[in-house]
Protein chains: 2
Amino acid sequence: MHMALKFVLLTLLDRERITGYDIVKTFDSAVGYFWSASHQQVYRELSKLTDQGLVNFTSVKQGDKPDKKVYRITRSGKQELQDWLHEPAKESPTKDLLLVKLLNLRADNVDVLLEELDRAIKNAQQRASVYSGIEKTYYSKTQIAALELDDLALFLALRKGITSITSHIDWLHQTSAEIKKRVANNN
Amino acid sequence: MHMALKFVLLTLLDRERITGYDIVKTFDSAVGYFWSASHQQVYRELSKLTDQGLVNFTSVKQGDKPDKKVYRITRSGKQELQDWLHEPAKESPTKDLLLVKLLNLRADNVDVLLEELDRAIKNAQQRASVYSGIEKTYYSKTQIAALELDDLALFLALRKGITSITSHIDWLHQTSAEIKKRVANNN
DNA sequence: TCTGCCATGTAATCTGTTACATGATTCT
DNA sequence: AGAATCATGTAACAGATTACATGGCAGA
């Protein structure tokens with residue numbers, strides 16, 4: 001997870017010129033299913049990257065609205081990004097608080113945990129339907145073969161979101177069912 | 001992710017009395033597929049929890065080896081844990097650096113990314129075989145129905161590890177194949 | 001009028017990582 | 001002789017989260 005945001009920003013800036021504000025908005029939509037960060041983090045990181053000469057910006061006056069800082073990647077920014085791509089990624093350990101909660105499974109809090117699982121199922125299903133909505137509207141079967149490479153990457157990321165949320169939902173159903181079965185038998 | 005380690009430790013201490021050292025070891029094995037932390041974090045957090053009266057410890061002399069601090073949860077620790085279980089968990093956003101790398105997909109670095117995907121496939125397969133090894137040795141089909149509730153939780157956590165790594169591997173194969181297809185067609 | 005959007009920022013705090021440190025014992 | 005294990009800790013730094021802050025404009 002080290003230096004992660006730095007390379008996320010360089011990656012986005014290598015695709016297009018964009019403001020910090022718009023990067024944060026991206027995290028709420030397209031890029032959101034594999035990365036996100038708060039505006040504080042983004043602004044802080046962008047000024048650090050500017051100091052290091054990896055990005056720079058032009059202030060754009062807009063009359064009514066406050067000035068924009070439109071960022072772009074520099075040549076040495078591109079170089080650092082390329083170097084990073086060539087380093088093998090070390091995999092970061094999983095951290096799942098829902099499983100920690102599950103470890104507290106005892107007769108006296110089965111109910112709370114089942115509620116938590118139900119909530120998780122609802123959230124996951126909602127997210128799943130958002131994803132498949134995007135898949136249908138943006139990428140119909142016939143278009144996929146015609147996608148440009150960088151759009152293909154976005155599509156594959158979406159597919160990742162869909163497959164992992166689907167298997168998550170499966171697991172949630174199975175564990176909920178398993179726990180309910182126990183409770184029923186021990187009455 | 002806020003205050004997460006605190007509740008991980010309280011959860012573990014609610015199951016059994018244990019030293020900081022052994023908690024760290026647990027992160028390398030059983031609990032490892034849904035949480036981990038370094039010994040520095042664990043020791044820092046344990047002394048903080050001691051100050052707050054949520055846990056306490058007894059020093060155990062061992063003659064040859066250094067003294068142990070065997071921790072146990074206090075009544076107010078149990079209370080805080082229970083309160084936490086009753087709060088609905090907010091889901092933490094996904095962060096996946098591999099997808100960030102993929103976003104850099106362009107003709108000139110297809111090769112690097114395919115290598116990265118291959119590496120990811122190998123790692124994932126290795127982890128998958130570890131998990132299914134555990135499943136086979138610890139939980140044979142006939143035993144599952146007979147598991148105690150708290151052992152059941154560990155089993156369900158393992159199932160989560162297995163289903164998510166399996167779908168991850170599926171996706172890795174699909175995307176690798178898709179990218180290779182493009183490269184082949186554009187020659 | 002109040003909420004939300006546009007667009008940026010600072011400050012305080014908490015969490016996580018890396019490096020350094022001790023000191024005896026057991027295994028190779 | 002050298003490495004690994006047992007068992008604990010400090011210090012410095014990097015990363016993430018939360019709260020606080022500005023100030024105009026658009027729409028309900």
Side-chain angles (χ1 to χ4, degrees), chain A residues 1-10 17-29 32 35-52 55-71 89-97 100, chain B residues 1-10 17-29 32 35-52 54-71 84 89-97 100:
Chain A
M1 204 62 67
H2 208 49
M3 296 273 92
L5 182 56
K6 168 179 175 177
F7 295 108
V8 174
L9 296 181
L10 289 177
R17 297 178 180 200
I18 189 171
T19 66
Y21 189 87
D22 286 326
I23 288 172
V24 176
K25 275 208 301 186
T26 307
F27 289 147
D28 293 333
S29 58
W35 205 271
S36 64
S38 61
H39 82 273
Q40 293 88 339
Q41 263 180 288
V42 172
Y43 287 129
R44 177 147 44 72
E45 193 67 31
L46 282 175
S47 51
K48 211 196 282 179
L49 293 177
T50 306
D51 291 347
Q52 295 168 353
V55 305
N56 57 35
F57 63 87
T58 15
S59 290
V60 177
K61 294 213 173 72
Q62 302 188 104
D64 49 342
K65 293 171 196 165
D67 289 7
K68 279 182 180 182
K69 287 184 178 178
V70 180
Y71 283 87
K90 50 164 191 175
E91 45 186 345
S92 48
T94 332
K95 301 210 168 177
D96 190 336
L97 274 182
V100 176
Chain B
M1 203 63 70
H2 208 48
M3 297 273 93
L5 182 56
K6 169 179 175 177
F7 294 109
V8 174
L9 296 181
L10 289 177
R17 297 178 180 200
I18 189 172
T19 66
Y21 188 86
D22 286 327
I23 288 173
V24 176
K25 274 208 301 187
T26 307
F27 289 147
D28 293 335
S29 58
W35 206 270
S36 64
S38 62
H39 82 272
Q40 294 87 341
Q41 263 180 286
V42 171
Y43 287 129
R44 178 148 43 74
E45 194 67 31
L46 281 175
S47 51
K48 213 197 279 178
L49 293 177
T50 306
D51 292 345
Q52 295 168 354
L54 304 178
V55 306
N56 58 34
F57 63 86
T58 14
S59 289
V60 177
K61 295 214 173 72
Q62 303 187 104
D64 50 341
K65 293 171 196 164
D67 290 6
K68 279 182 181 183
K69 287 184 178 177
V70 180
Y71 283 87
W84 174 67
K90 48 164 194 175
E91 43 185 346
S92 48
T94 333
K95 301 208 169 178
D96 190 335
L97 273 181
V100 176

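Just so you know, these numbers use all the heavy atoms, side chains as well, and skip hydrogens, waters and symmetry mates. Note that this is a predicted model, so its numbers are computed, not measured. A, B, ... follow the sequence lines: proteins, then strands. Residue 1 opens every chain.
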Original post:
Just how far, in rounded Å, is P of D:dA16 from NZ of B:Lys90?
Top reply: 14 Å

Subject >> Residue list, side chain to side chain contact (heavy atoms under 4.5 Å, CB included) with A:Ser59, at least two apart or on another chain >> reply: A:Phe57, A:Lys69

**OP:** Answer yes or no: does a side-chain N or O of A:Lys48 lie under 4.0 Å from OP1 or OP2 of D:dG15?
**Re:** yes

Original post:
Does A:Lys69 place a side-chain N or O at less than 4.0 Å from the phosphate oxygens OP1/OP2 of C:dG9?
Top reply: yes

Using a cutoff of under 3.5 Å, can you pull out all pairs of nitrogen or oxygen atoms linking the protein to nucleotides 10-13 of chain C, with atom names and distances?
none

Donor-acceptor pairs are to be reported for all side-chain atoms of residues 17-28 of chain A against protein atoms at under 3.5 Å, with residues two or more places apart or in another chain.
unit_1, atom_1, unit_2, atom_2, d
A:Thr19, OG1, A:Asp22, N, 3.1
A:Thr19, OG1, A:Asp22, OD2, 3.1
A:Thr26, OG1, A:Asp22, O, 2.8

Subject >> Residue mapping more 5' on DNA chain C - nearest nucleotide basis, B:Ala37 or A:Thr19 >> reply: A:Thr19

**OP:** Find the distance B:Trp35:CH2 to C:dT15:C1' and express it as a whole number of Å.
**Re:** 10 Å

Original post:
Any side-chain N or O of A:Tyr21 less than 4.0 Å from the OP1 or OP2 oxygen of C:dC6?
Top reply: yes

**OP:** For the residue pair B:Leu9 and B:Val55, establish whether any side-chain heavy-atom pair is separated by less than 4.5 Å.
**Re:** no

Subject >> Partner residues of B:Ser36 under the side chain to side chain donor-acceptor pair (under 3.5 Å) criterion, sequence neighbours left out >> reply: none

Subject >> Set of residues satisfying side chain to side chain donor-acceptor pair (under 3.5 Å) with respect to A:Gln40, sequence neighbours excluded >> reply: A:Ser38

Original post:
To the nearest Å, how far apart are B:Ile23 CD1 and D:dG9 C1'?
Top reply: 15 Å

Original post:
Quick one: B:Met3 CE to D:dT18 C1', roughly how many Å, whole number?
Top reply: 12 Å

**OP:** Rounded off to whole Å, could you give me the CD-to-P distance for the B:Glu45 and C:dT15 pair?
**Re:** 6 Å

Original post:
the helix from C:dT1-D:dA28 to C:dT28-D:dA1: angle between its terminal axes, five pairs each, to 10°?
Top reply: 40°

Original post:
Quick one: B:Lys25 NZ to D:dT8 P, roughly how many Å, whole number?
Top reply: 11 Å

Original post:
For B:Asp22 and B:Pro93, take the nucleotide of DNA chain D holding the closest heavy atom to each; which residue's nucleotide lies nearer the 5' end?
Top reply: B:Asp22

Original post:
For the residue pair A:Phe7 and B:Val100, what are the closest heavy atoms and their distance?
Top reply: O-CG1, 4.3 Å

**OP:** Send over the distance from B:Asp28 CG to D:dT5 C1', rounded to a whole Å.
**Re:** 13 Å

Original post:
Within the pair B:Gln41 and C:dT15, is there a side-chain N or O less than 4.0 Å away from OP1 or OP2?
Top reply: no

Subject >> Separation of atom NZ in A:Lys6 from atom C1' in D:dA16, rounded to whole Å >> reply: 18 Å

**OP:** Please list, chain by chain and in numerical order, all residues satisfying side chain to side chain donor-acceptor pair (under 3.5 Å) with B:Asn56, sequence neighbours excluded.
**Re:** B:Arg72

Original post:
If every non-hydrogen atom of A:Lys6 is compared with every non-hydrogen atom of A:Leu49, which pair is closest and at what distance?
Top reply: CG-CD2, 3.7 Å

**OP:** List for me each residue that meets side chain to side chain donor-acceptor pair (under 3.5 Å) alongside A:Lys68, sequence neighbours excluded, and say none if there are none.
**Re:** none

